[in-house]
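Read the structure below first, then the notes.
Letters A, B, ... mirror the listed sequences (proteins, then strands); counts begin at 1.
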2 protein chains.
Amino acid sequence: MEWKVDREADKPLYQQIFEYIEEKISYGEYPPGSLLPSERKLAQQLNVNRMTIAHVYDELQASGLVERKKGSGTRVSSHKWGILPKGVTNWRKYIEGGSFIPSYPLIRRIRGEAKVMEGGYNLASGKLSSDLFPTDYLQSILSEYTFPTDLGYEHPQGLLSLRETIASYVKTYHNIHTTSSSVLITSGAQQALHLITQCLLNPGDAVAIEAPSYFYSLPLFQSAGLRIFGLPVDSEGMNPDDIMTLYKKHKIRMIFLNPTYHSPTGAILSSTRRLQVLEIAAELGIPIVEDDPVSLLSFDNEQHSPIKSFDRNGNVLYVGSLSKVIGSSLRIGWLIGPQSVINRLADAREQIDFGLSVFPQIIANLLLQSSEYPKHLEFLRQELLERRNEMLSALQDLLGDKIEFTIPKGGFFIWCKLNKSVDDQKLVEAGIKHKILFMPGSVYGSPNGYVRLTFAHLKKESIRDAVSQFAEVLNQV
Amino acid sequence: MEWKVDREADKPLYQQIFEYIEEKISYGEYPPGSLLPSERKLAQQLNVNRMTIAHVYDELQASGLVERKKGSGTRVSSHKWGILPKGVTNWRKYIEGGSFIPSYPLIRRIRGEAKVMEGGYNLASGKLSSDLFPTDYLQSILSEYTFPTDLGYEHPQGLLSLRETIASYVKTYHNIHTTSSSVLITSGAQQALHLITQCLLNPGDAVAIEAPSYFYSLPLFQSAGLRIFGLPVDSEGMNPDDIMTLYKKHKIRMIFLNPTYHSPTGAILSSTRRLQVLEIAAELGIPIVEDDPVSLLSFDNEQHSPIKSFDRNGNVLYVGSLSKVIGSSLRIGWLIGPQSVINRLADAREQIDFGLSVFPQIIANLLLQSSEYPKHLEFLRQELLERRNEMLSALQDLLGDKIEFTIPKGGFFIWCKLNKSVDDQKLVEAGIKHKILFMPGSVYGSPNGYVRLTFAHLKKESIRDAVSQFAEVLNQV
């Protein structure tokens with residue numbers, strides 16, 4: 001809830017809140033019959049005393065705007081407002097329908113909290129800290145740039161000049177050979193995955209993903225009606241032999257992998273295994289979707305060539321993005337694959353959103369073509385390395401005997417195993433109470449007792465304090 | 001196909017094309033077993049003699065890269081390339097799957113042609129002519145603007161400042177009362193419709209749309225598995241009584257309307273009918289989706305208040321957009337409705353694309369808040385009126401006895417009824433031959449013999465010539 005009470009105003013708080021809700025009811029934002037938030041919840045959201053809300057709800061009831069029943073909450077009266085007293089849509093019947101499965105409650109809880117939390121630390125987000133966004137470099141590029149007068153031409157695959165830049169970018173940085181006609185610009189990696197699951201697979205199809213994997217946290221697989229099977233991850237990533245096993249058992253039709261600085265574990269699929277995966281998948285005739293968001297963020301100068309760079313048969317759909325190297329607010333990702341696949345997805349994409357805005361595409365193109373870009377990457381690696389080190393040392397100092405953790409060689413995340421058994425739900429709630437957010441392993445398909453901590457989302461100077469808050473939470477559960 | 005032969009180069013054309021295809025095969029863009037374009041089609045795409053392509057394909061065959069069989073075309077050899085000779089994905093099995101239905105062949109044909117056509121006139125596009133995009137005004141705003149350093153915070157409903165601007169915008173221009181928490185920013189109106197059909201309806205549900213309607217041209221209804229029933233449109237729009245009839249027969253669950261300057265007919269739903277529709281829908285408890293892209297583009301200074309402006313019960317989901325008043329390259333649309341619905345759709349939207357880029361949102365916000373915006377609107381109305389008049393007079397002069405047409409009071413389109421019976425498919429093909437594109441009525445659910453012409457996509461000075469080309473096409477079929 002973005003509206004806030006005005007504590008400086010002359011008008012009493014309960015009066016402000018009364019008018020706010022009255023307005024929402026009269027605008028149809030709370031339709032007749034709909035449930036208002038509980039007193040407790042609204043008090044929390046607006047950061048006021050619960051008695052204030054009780055007062056507001058009493059007034060709303062007295063004025064006939066709402067009806068209250070013990071045990072069933074406060075509802076907007078169904079015969080008070082509007083020119084049409086008779087009927088009203090039962091929205092609940094609509095909201096509960098549809099093929100899109102809502103996000104997992106625990107993730108919704110954490111994201112919801114992240115939106116309203118004041119102060120505290122967010123170690124849950126997979127987003128780059130906004131202070132690392134290259135604002136100055138963007139500003140200086142834009143100030144010299146003249147927008148073309150002809151902004152009308154849009155190709156369903158995305159701006160041609162950006163696709164050409166991406167084709168050359170993946171060659172330079174990833175040794176992937178492609179041409180602009182095999183590149184689809186997407187709204188981040190997320191949309192690429194959405195298009196693949198919705199357009200290339202059928203409900204009931206089986207797919208393989210790493211276990212644990214952040215893919216588990218994405219309801220888009222369930223929304224597409226897919227059955228998911230796990231490929232356990234060890235320190236060298238998943239084991240290619242497991243693909244064969246899953247194929248025999250479940251006839252899997254696609255493999256989703258995140259081979260470099262895997263989320264959440266940080267594992268790197270070894271190069272031997274990369275080749276094996278490619279070979280096995282080719283033999284079985286099933287495609288690989290390779291998600292590669294952070295491989296450029298290496299802390300040891302080692303480059304890990306994507307599986308796609310070895311693919312000569314068009315068996316790999318490669319997904320890249322600028323979200324983790326520039327910022328997710330740009331929403332620029334790409335999908336590289338055989339032309340027939342790209343054409344099919346570009347067509348579907350026109351139905352979904354009619355293509356991406358030309359502006360982030362122009363901006364991305366300017367950023368990538370600028371000679372500042374390699375410097376930005378180097379700066380980012382250095383910054384992230386320092387934040388990683390800060391978090392590692394804080395974890396060692398403050399929780400050395402209570403958790404085990406990996407030392408990631410790149411990326412955003414530290415994967416922690418707690419030495420005592422805890423309930424993930426309770427752990428998250430305790431964290432929220434302490435204004436410290438993190439991702440419990442269960443949302444990635446792990447058993448209880450694991451936690452993924454992001455070091456890329458906080459400033460370096462906050463990290464030790466955040467870890468100490470986290471330690472406090474751990475001590476209490 | 002964006003690659004072009006270089007006619008200035010020393011290298012012979014066939015050699016250039018040979019290398020281009022060889023490259024695509026080696027990159028996996030044409031995977032083993034995949035079909036190459038026919039000689040005729042490729043010759044057309046690359047604008048070269050068919051004999052040249054025949055030569056290229058002969059060479060590719062001689063080198064073992066492709067295999068040719070009489071009657072089944074030219075395929076990439078399945079055992080020539082790559083480190084993995086054994087297997088390859090049968091992409092066709094994947095491409096033909098998925099729940100997203102491809103665009104209608106006739107629309108794909110027209111859009112495909114629009115992309116490659118050199119010269120000629122596009123009267124088919126629903127997009128505003130790019131020379132009407134307010135480039136100068138954007139440039140002057142951006143040159144003074146400093147991007148915030150904190151671009152990290154993104155709300156799943158969209159940038160708060162833009163949502164606040166939209167809430168005040170719809171109040172000023174449409175007399176719709178709402179607050180920022182009931183606004184969802186979408187990638188144009190298209191994404192709003194996509195979210196509604198995917199998240200609030202179930203496969204098999206029946207919905208009502210105007211007949212004819214541009215909604216027919218959107219495969220997203222079929223993609224969501226919906227059954228569509230038509231509400232015939234006369235000069236005052238659809239007839240509200242028909243809603244009851246459809247409800248009794250098919251138990252329709254949602255009504256999709258485009259009440260002002262309806263596409264394709266230009267009809268305006270009368271204000272009496274607007275109230276009736278609202279009343280009937282409320283009585284039946286089924287929601288209305290009101291798509292309102294062009295109501296500000298009035299040629300007679302009359303404003304038609306959206307159905308949403310009379311809705312006090314939250315029965316209407318209102319869809320607006322800047323695509324037709326600023327430019328579709330911005331990709332900014334919005335959905336206004338009860339908060340519970342907006343929350344549900346915002347959650348689904350995070351799965352689909354993780355939200356919109358912050359840049360077009362910042363730009364849209366600057367454009368709407370600027371004092372230049374009302375001037376731009378006035379300029380646009382004047383420009384479109386002149387283009388409409390130019391097209392009307394050309395139609396009267398050149399085709400007065402061969403077609404009947406409406407005189408739209410706003411918007412983009414003139415709806416024409418041909419006096420002779422023609423086959424839509426043949427008409428479109430004849431148009432393509434003459435490099436003149438238009439939308440046949442059948443894609444909107446009309447019988448053959450209707451055509452929608454856009455006057456908003458061409459410069460005024462081209463319109464008469466375009467109509468004369470169109471007349472030529474009509475004479476020939």
Side-chain angles (χ1 to χ4, degrees), chain A residues 27-29 31-32 81-82 84 86-89 91 94-95 97-98 100 102-103 130 133 135 139 147 149-152 177-178 182 187-188 190-191 194 198-200 202 219-220 279 282-283 285 287 311-315 329 331 338-341 344 347-348 351-354 357-360, chain B residues 27-29 31-32 81-82 84 86-89 91 94-95 97-98 100 102-103 130 133 135 139 147 149-152 177-178 182 187-188 190-191 194 198-200 202 219-220 279 282-283 285 287 311-315 329 331 338-341 344 347-348 351-354 357-360:
Chain A
Y27 294 172
E29 297 183 31
W81 277 90
L84 302 159
K86 274 172 275 179
V88 70
T89 300
W91 280 111
Y94 289 88
I95 292 164
F100 270 93
S103 303
S130 59
F133 188 92
T135 319
Q139 195 90 38
F147 280 96
T149 47
D150 187 347
L151 286 167
H177 292 258
T178 191
S182 286
S187 176
Q190 184 86 1
Q191 190 180 41
H194 173 69
Q198 289 283 326
C199 303
L200 302 179
N202 292 306
L220 58 85
E279 190 156 3
E283 208 176 300
D311 173 34
R312 293 289 169 278
N313 287 337
N315 272 347
S329 52
R331 308 300 316 127
Q339 231 172 274
S340 53
V341 177
R344 166 74 170 105
D347 181 81
Q351 296 178 47
I352 291 174
D353 62 12
F354 223 73
S357 172
V358 75
F359 294 99
Chain B
Y27 294 173
E29 297 183 32
W81 277 90
L84 302 160
K86 276 173 272 177
V88 71
T89 299
W91 280 109
Y94 289 88
I95 292 164
F100 269 93
S103 304
S130 58
F133 188 92
T135 319
Q139 196 89 39
F147 280 95
T149 47
D150 186 347
L151 287 166
H177 290 260
T178 191
S182 285
S187 176
Q190 183 86 3
Q191 191 180 40
H194 174 67
Q198 289 282 328
C199 303
L200 302 179
N202 292 308
L220 58 85
E279 191 157 0
E283 207 175 300
D311 173 33
R312 294 287 170 279
N313 287 337
N315 271 347
S329 51
R331 307 299 316 125
Q339 230 171 275
S340 54
V341 178
R344 166 74 170 105
D347 181 81
Q351 297 177 47
I352 290 175
D353 61 14
F354 223 73
S357 173
V358 75
F359 294 99

Can you name the side-chain hydrogen bond (donor to acceptor under 3.5 Å, both in side chains) partners of B:S182, sequence neighbours left out?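 Counting only residues at least two positions away or on another chain, B:S182 forms a side-chain hydrogen bond (donor to acceptor under 3.5 Å, both in side chains) with A:E29.
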Tell me, out of B:C199, B:P360, B:S340, who's got the most heavy-atom pairs with chain A below 4.5 Å.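 Most heavy-atom pairs under 4.5 Å with chain A: B:C199.
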With chain A, which of B:N202, B:L220, B:T178 has the greatest number of heavy-atom pairs at distances under 4.5 Å?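 Most heavy-atom pairs under 4.5 Å with chain A: B:T178.
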A:F354: which residues meet the ring-ring contact (aromatic ring centres under 6.0 Å, His included) condition with it, sequence neighbours left out?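 For A:F354 there are no ring-ring contact (aromatic ring centres under 6.0 Å, His included) partners, ignoring immediate neighbours.
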What distance do A:S187 atom OG and B:R331 atom CZ have between them, rounded to the nearest 0.5 Å?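 It comes to 12.0 Å.
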If I compare all heavy atoms of [X] with all of [Y], which pair ends up nearest, and what's the gap?
| X | Y | answer |
| --- | --- | --- |
| A:N313 | B:P32 | OD1-CG, 3.4 Å |
| B:P338 | A:W91 | CG-NE1, 3.4 Å |
| B:D353 | A:D353 | OD2-OD2, 4.5 Å |
| A:V341 | B:I95 | N-CD1, 3.9 Å |
| A:P287 | B:Y94 | CD-OH, 3.1 Å |

Please look at B:Q351 and chain A and tell me whether the side chain, the backbone, both or neither of the residue comes under 4.5 angstrom of a heavy atom of that chain.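 Backbone plus side chain of B:Q351, per the 4.5 Å heavy-atom cut-off to chain A.
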How are the rings of A:H177 and B:Y27 set relative to one another: parallel (under 30°), tilted (30 to 60°) or perpendicular (over 60°)?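 The rings of A:H177 and B:Y27 sit tilted, inter-plane angle from 30° to 60°.
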With chain B as the partner, which of A:P31, A:G314, A:S357 has the greatest number of non-hydrogen pairs under 4.5 Å?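 Ranked by heavy-atom pairs under 4.5 Å with chain B, first place is A:S357.
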So which part of A:Q198 gets closer than 4.5 Å to some heavy atom of chain B, the side chain, the backbone, both or neither?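 For A:Q198, backbone and side chain are both near chain B.
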